[in-house]
Amino acid sequence: MEDPRIVKIEDTYYLTYTAYNGTNAMGAWAVSKDLKHFEKNGVFTPPINYKDYKCHLEHCNQEKLNPKYYYYSNLFESIGLADEKHRLLRDKDVVLFPEKINGKFALLHRIWPGIQIVYFEAWKELTKSFWEDYIIDLTAHIVLDPKYDFEVNYIGAGCPPIKTKDGWLLIYHGVCETTIGKTYYASAALLQLDKPEVEISRLPYPLFSPTEKWEKQGVVSHVVFPTGTAVFGDDLYIYYGSADQNIA
């Protein structure tokens, strides 16, 4: 279980997280009424291997599609693994909005390298055929793609979005590969309230970066990885993983 995020919608707490079994990293969910007892409900992201993913992706609007969406399918194809039935599409950074939008759950997720959004009324809708149709029209669901230097490799949703009068404030992470390896930064974007797939604006520089020793050295070095927030008075507290070793 990696990178859990939690929101309360109506009277239920929803925990979304990455389920990793050594081969596949996929989105999963659990629910609770009291934060003591959780019911796990399993994986909900696309149960599709990379060969089929590429086939569906080729039906997308290629003029709008970042070619990096083919990276993993091409990689696994080059080493003869794309057709493996047990090797499924990596889909991480699964984050719910803290309220329903137009009567539907709204969930951010990350099919590499960008952040996409999916709407649904019930979790049972997220079937293989649902996701196949979704990927065929993937460009319609992309919220953010890598844009600036500090996030040039890939990005992913961070904390559950925060509702403000100006839009949904999304704290997310961006990754840039340099001579010292990958560096994870925190950044921020503002999304339209009634249609959060519309980007209003985003920071052209990191919100904060790995600068402290405990952010630059650890299990995975040079990482700040925000996953939760809380507002106390006028202050926004951002909780984040540092170097995959501590919480800060």
Side-chain angles (χ1 to χ4, degrees), residues 3-7 9 14 16-18 27 45 61 64-69 90-102 104-119 134 138-177 182-211 215 222-231 234-242 248:
D3 310 333
R5 281 85 161 187
I6 195 163
V7 297
I9 300 175
Y14 293 86
T16 52
Y17 61 95
T18 298
T45 49
N61 185 332
K64 291 185 177 181
L65 187 69
N66 185 330
K68 282 190 174 184
Y69 280 95
R90 295 178 181 180
D91 197 348
K92 304 177 68 175
D93 300 315
V94 285
V95 182
L96 278 166
F97 282 74
E99 63 182 59
K100 292 182 179 180
I101 298 175
N102 300 318
K104 294 185 176 184
F105 289 103
L107 180 131
L108 300 172
H109 62 117
R110 201 278 303 286
I111 297 174
W112 202 91
I115 300 172
Q116 304 85 36
I117 192 167
V118 60
Y119 296 99
Y134 182 94
L138 188 65
T139 51
H141 309 297
I142 296 170
V143 180
L144 303 173
D145 264 345
K147 185 175 182 180
Y148 297 111
D149 288 349
F150 72 91
E151 59 184 21
V152 68
N153 283 76
Y154 55 94
I155 59 177
C159 313
I162 304 159
K163 194 174 188 180
T164 78
K165 63 181 176 60
D166 298 305
W168 291 102
L169 174 62
L170 175 66
I171 309 297
Y172 69 97
H173 67 264
V175 182
C176 177
E177 189 142 17
K182 292 176 183 174
T183 299
Y184 279 70
Y185 300 92
S187 194
L190 196 66
L191 310 176
Q192 189 171 305
L193 281 177
D194 61 338
K195 198 175 181 183
E197 57 268 36
V198 176
E199 173 191 342
I200 297 172
S201 61
R202 69 170 118 169
L203 286 184
Y205 49 83
L207 187 64
F208 58 92
S209 309
T211 56
E215 297 167 338
H222 307 286
V223 171
V224 293
F225 192 90
T227 55
T229 62
V231 177
D234 293 329
D235 295 323
L236 175 66
Y237 284 66
I238 299 174
Y239 299 89
Y240 65 97
S242 64

Q) Is a donor on one side and an acceptor on the other found under 3.5 Å between the side chain of W168 and the backbone of I162? A) no
(Q) Measuring from atom CG of L107 to atom OH of Y119, what distance do you get when rounded to the nearest 0.5 angstrom? (A) 11.0 Å
Q. What is the minimum heavy-atom distance between L96 and P160, and which atoms define it?
A. O-CB, 3.8 Å
Q. Does Q116 reach the main-chain N or O of I111 with its side chain, forming a donor-acceptor pair under 3.5 Å?
A. yes
Q: Would you check if V224 and P206 make a side-chain contact, meaning some heavy-atom pair closer than 4.5 Å?
A: no
(Q) I need the T18 OG1 to D3 CG distance, nearest 0.5 Å. (A) 5.0 Å
Q) Run the side-chain contact (heavy atoms from CB on, under 4.5 Å) check on L170 and V143 step by step: do they pass? A) CA-CA 11 Å; L170 175 66; V143 180; 5.7 Å; no
Q) How many angstroms lie between atom OH of Y14 and atom CD1 of I6, to the nearest 0.5 angstrom? A) 11.5 Å
Q) Checking D93 side chain against H109 main chain: does a donor-acceptor pair fall under 3.5 Å? A) no
(Q) Closer than 3.5 angstrom, by distance alone: can the side chain of S209 be matched with the main-chain N or O of T211 as a donor-acceptor pair? (A) no
(Q) Check the orientation of H141 and Y134. Use parallel for under 30°, tilted for 30 to 60°, and perpendicular for over 60°. (A) parallel
Q. Hey, are the side chains of P161 and V95 touching, using non-hydrogen atoms and a 4.5 Å cut-off?
A. yes
Q: Kindly determine whether F105 and I9 satisfy side-chain contact (heavy atoms from CB on, under 4.5 Å), including the steps that lead there.
A: CA-CA 9 Å; F105 289 103; I9 300 175; 3.9 Å; yes
Q.
Is there a side-chain contact between Y205 and S187 in this structure, where contact means two heavy atoms from C-beta onward sitting under 4.5 Å apart?
A. no
Q. Given side chains that start at C-beta, do those of F208 and I238 come closer than 4.5 Å, heavy atoms only?
A. yes
**Q.** Taking every non-hydrogen atom, the tightest pair across I171 and A188
**A.** CD1-CB, 4.1 Å
(Q) I'd like to know if the side chain of K68 and the backbone of N153 have a donor-acceptor N/O pair within less than 3.5 Å. (A) yes
Q: Verify, without hydrogens or angle tests, whether E99 (side chain) and F97 (backbone) share a donor-acceptor contact under 3.5 angstrom.
A: no
Q. CZ of R202 to OH of Y148: how many Å apart, nearest 0.5 Å?
A. 6.5 Å
Q: Keeping the roles fixed (side chain from T16, backbone from V94), state whether a donor-acceptor pair exists under 3.5 Å.
A: yes
Q: State whether the number of non-hydrogen atoms from other residues, nucleotides or ligands found under 6.0 Å of K100 atom NZ is greater than 12.
A: yes
Q) Would you say the side chain of L193 lies within less than 4.5 Å of the side chain of K163, judging by non-hydrogen atoms? A) yes
Q.
How close do A106 and I117 get, counting heavy atoms only, and between which atoms?
A. CB-CD1, 4.4 Å
Q. Where is the tightest heavy-atom contact between P196 and D194, given as atom of each residue plus distance?
A. CD-C, 3.7 Å
(Q) I need the L191 CG to S201 OG distance, nearest 0.5 Å. (A) 9.0 Å
Q.
Please check: side-chain N/O of H173 versus main-chain N/O of G156, any donor-acceptor pairing under 3.5 Å?
A. yes
Q. Can you list the steps and then say if Y154 with N66 is a side chain to side chain donor-acceptor pair (under 3.5 Å)?
A. CA-CA 11 Å; Y154 55 94; N66 185 330; over 6 Å; no
Q.
Quick check: closest heavy atoms across Y69 and L65, and the distance to 0.1 Å?
A. CD1-CD1, 3.6 Å
Q) What's the shortest heavy-atom distance between P146 and G114, and which atoms? A) CD-CA, 4.4 Å
Q: Mind checking the CG-OG1 spacing from L169 to T164? Nearest 0.5 Å is all I need.
A: 6.5 Å
Q.
Is it the case that the side chain of R5 and the backbone of A157 share a donor-acceptor pair, with hydrogens and angles ignored and the cut-off at 3.5 Å?
A. yes
